[in-house]
Chemist: 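I'd like to ask you about the structure that follows.
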Protein chains: 2
Amino acid sequence: MAVTIHDIAKKVGVSPSTVSRVMNGKAAISSETKEKIFAAMEELNFHPNSLARNLATGSSQAIALVINAEDTKSFANQFFNRSVFGIEQVAQARGFNLIITNDDSSSVSPIEQLVYAKKADGIIIPPSIVSQKLMNRLLKLRFPFVILGEPGISKNEVNWVDVNNSQGSELAVQHLAAQEYRSIAFVGESQELVFMRNRVAGFRSGLEAQHLALKDGFISECDGTSETACQSALDLLSRDHRPDAFICSDNAIAYGVISAVKKRGLRIPQDVGIVTFDNYPLARYTEPNLTAVDIDTFLLGEQAAMILFKTIEENGNRQQMLINTRLYERESTNRKN
Amino acid sequence: MAVTIHDIAKKVGVSPSTVSRVMNGKAAISSETKEKIFAAMEELNFHPNSLARNLATGSSQAIALVINAEDTKSFANQFFNRSVFGIEQVAQARGFNLIITNDDSSSVSPIEQLVYAKKADGIIIPPSIVSQKLMNRLLKLRFPFVILGEPGISKNEVNWVDVNNSQGSELAVQHLAAQEYRSIAFVGESQELVFMRNRVAGFRSGLEAQHLALKDGFISECDGTSETACQSALDLLSRDHRPDAFICSDNAIAYGVISAVKKRGLRIPQDVGIVTFDNYPLARYTEPNLTAVDIDTFLLGEQAAMILFKTIEENGNRQQMLINTRLYERESTNRKN
DNA sequence: ATGGCTAATGCAACCGGTTGCATTAACCAT
DNA sequence: ATGGTTAATGCAACCGGTTGCATTAGCCAT
């Protein structure tokens, strides 16, 4: 078997507890013994067994990110990659491991595993699996958790981090107004989704701030595919007073809107301007390429992890955070230069 | 504190070992006591503490996926998402956790943490961090590992899973030949990358199988950006005997090639056919949309995990596996219908 | 009746650390 | 000299399971 604390103790001629204390930098140990212990650890190639340590301290030294493979839309895909990196970085800096676990409806809640079996000291969960029941249970157990997105319920009672969706819409409107677009429409998915509601709210307040009217029917819902987005845009463009700009809730929708504009024989950006949420994966590659409201998902993950650790350490913290977006200007709105 | 095995034992009036055995289904226990124990576990809401169990059994019940955030190209991005899901699914089915840890050059090898501190029972690592030293160390420790991609070194001595890149190229050539393209070029990245070498090899053997000549300079290397890919394609298209088809090593390259073809005033697919590796993220959305060699990354992850578990269980297994690709036919090669 | 066998369960050591309390020795002030 | 203090370290219990070996009781064959 591997080298243990006892082997070190025996070699140096001290007790295991002394070795433990040296290893953890706790209590006062004479620098003489310290050095001998370090030397022995080096020589025997000692590595503390984290399983033993975890049991003794009652901590798993891990946090978990719960994902929902079924929910390909909101977080699973786009956000996933870089936010995982952000979370991992924060965890690693604290010597914690990051566990990833899928919790779709088919499995017998892996969250319970993590929580009850003490496999994690805290969890980050997507809004799509948040239920009142789950939240209540976690709160009652005082088990640290952060929601990666604004939850639809009890938003003031739990920790969460989200993109500032309404600010993103405002930014888009402001930019379009500056480019002298006056008749702006919004194409997105169902407003049953929290982030959609926030984007629409920002769209409204953005229009107000720019003293622009929200025309009837200019908030259009589709199912998120390019095809239905295209249809929605075609409908709007066939009106007497058609939009001269679109804000699209994601790249696939924007792609559909571009097709619609082209079908109607209109030019982008001269006749119609387009801004899309998300700078990925298409925005750079469409024709013309797209001005985009970009979301820093690395930062999102990072902040979620920070809040989680704060909760783990302080135990009783409650925090919400919005990450501001920024605009990447590209051809699709470049009317003036 | 939480309910332990001792609480159950006391309540039922048996010894902790009996409870343990019932929990694990080991040894013969009378169905009478079994039932009483199950009832007590239910009543007290007992959940075994995995930290204790792990220490006792000497297993962490976790596998780890090492990622390399610096290596955005080969695996980190595209493959990451769905292969993680595949790995996780296999792990979850076995009651294992999946740990994700980043190992870039800046950190003091988290792999050592995982291995020496016994935080994982096995690891999956990307080729980009595989060194001879690391492999030797893992082999010597008999620590189970699988490489997620064919390694550049010692490929016969270690476990790995990879996309069948050469078969992918062959598939592409075969399809192009069937569409009566005769002068096929390949645009990819540096052949220092193992997967590139395999794709080029498949390209060559595919041409041979179709009795097509490989023209001089028709294997073109760029740095992987659309811009340099476009330049490479422009060069090839300005030759006396220009290619009538391109196989592109990824979507960004294909995008550059499309631009080049359009710049030369040629039509796709009539004058020039294009096949790209990867069905994501652009293939569906380019103009025209792209015939693609698709890689099932979920399956890739799944198989990697399967091999890892086999190694963990059988201890001494050695296995390599190639995942075949399949072709999605789209407009960019649709010359005949 | 008796020895042998098996099924059911307990005992206690063990996994490898952590930590509260006790102990010892040295030093200081009175 | 004596009591008090502090620095350095050991003892032993503990974290919550697992498991080899021992024990007991019941049953069967001789």
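Quick note on labels: first sequence line is chain A, next is B, and so on, each numbered from 1.
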Chemist: Side-chain contact test, heavy atoms from C-beta onward, threshold under 4.5 Å: evaluate it for B/Asp162 versus B/Ile323 and give yes or no.
Modeler: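 No. Closest side-chain heavy atoms not under 4.5 Å.
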
Chemist: Decide, yes or no, whether a salt bridge links B/Glu112 with B/Lys119 under the criterion of side-chain N to carboxylate O below 4.0 Å.
Modeler: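 Salt bridge absent between B/Glu112 and B/Lys119.
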
Chemist: Cut-off 3.5 Å, side chains only: do A/His47 and A/Asn45 have a donor facing an acceptor?
Modeler: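 Yes, a side-chain donor-acceptor pair sits under 3.5 Å.
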
Chemist: Specify the closest pair of heavy atoms between A/Ala9 and A/Ser15, including all atoms of both residues, with the distance to one decimal.
Modeler: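 Reported closest heavy-atom pair: CB-C, 3.7 Å.
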
Chemist: Roughly, in whole Å, what's the span from NZ in A/Lys36 to C1' in D/dT9?
Modeler: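 Taking NZ of A/Lys36 and C1' of D/dT9, I get 12 Å after rounding.
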
Chemist: What is the distance, to the nearest angstrom, from the NZ atom on B/Lys119 to the C1' atom on C/dG16?
Modeler: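 Result: 15 Å.
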
Chemist: Starting from P on D/dT18, measure out to CG on B/Leu51 and report it in whole angstrom.
Modeler: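 One finds 13 Å between P of D/dT18 and CG of B/Leu51, rounded.
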
Chemist: Would you check if B/Gln320 and B/Asn159 make a side-chain contact, meaning some heavy-atom pair closer than 4.5 Å?
Modeler: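 The answer is no; the side chains never approach within 4.5 Å.
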
Chemist: So what stems show up for DNA chain D if we need 3 or more Watson-Crick or G-U pairs in a row, all under 3.5 Å?
Modeler: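 When the pairs of DNA chain D are grouped into runs of at least three, the stems are C:1-30 with D:1-30.
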
Chemist: What parts of residues 5-24 of chain A reach DNA chain C, counting only heavy atoms under 4.0 Å away?
Modeler: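 Those residues are A/Ile5, A/His6, A/Ser17, A/Ser20, A/Arg21, A/Met23, A/Asn24.
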
Chemist: Check the distance between D/dG16's P and A/Arg53's CZ and give it to me in whole angstrom.
Modeler: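 That distance rounds to 18 Å.
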
Chemist: Is there side-chain contact between A/Gln319 and A/Met321, with at least one heavy-atom pair below 4.5 Å?
Modeler: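 Yes. Closest side-chain heavy atoms under 4.5 Å.
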
Chemist: Could you pull out the closest heavy-atom pair between A/Ala2 and A/Asp7, with the gap in Å?
Modeler: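 So the two residues come closest at O-OD2, 3.9 Å.
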
Chemist: Can you identify which nucleotide, out of C/dG16, D/dT19, D/dT18, has its nearest atom closest to the B/Lys26 side chain?
Modeler: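 That would be D/dT19.
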
Chemist: Report the distance from atom NZ of B/Lys118 to atom P of C/dG16, rounded to the nearest whole Å.
Modeler: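 Going from NZ in B/Lys118 over to P in C/dG16 covers 8 Å.
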
Chemist: Rounded off to whole Å, could you give me the CG-to-P distance for the B/Leu55 and C/dT18 pair?
Modeler: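 After rounding, the gap between these two atoms is 12 Å.
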
Chemist: Please state whether the rings of B/Phe96 and B/Phe309 are parallel, tilted or perpendicular, taking 30° and 60° as the class boundaries.
Modeler: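 Perpendicular, since the angle between the ring planes exceeds 60°.
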
Chemist: Under 4.0 Å, heavy atoms only, any strand: does B/Thr33 hit a base, just the sugar-phosphate, or nothing?
Modeler: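 B/Thr33: backbone/sugar contact only, no base atoms under 4.0 Å.
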
Chemist: Name all residues meeting the side-chain contact (heavy atoms from CB on, under 4.5 Å) criterion together with A/Val12; count only those two or more places apart in sequence or in a different chain, and write none if there are none.
Modeler: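 side-chain contact (heavy atoms from CB on, under 4.5 Å) check on A/Val12 returns A/Ile8, A/Val14, A/Lys36, A/Ile37, A/Ala40.
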
Chemist: Can you check the B/Asn54 CG to C/dG16 C1' distance for me, whole Å?
Modeler: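 It is 13 Å, rounded to the nearest whole Å.
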
Chemist: Figure out the CE/P separation between B/Met41 and D/dG17, and round it to whole Å.
Modeler: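 Atom-to-atom, B/Met41 to D/dG17, this comes out as 11 Å.
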
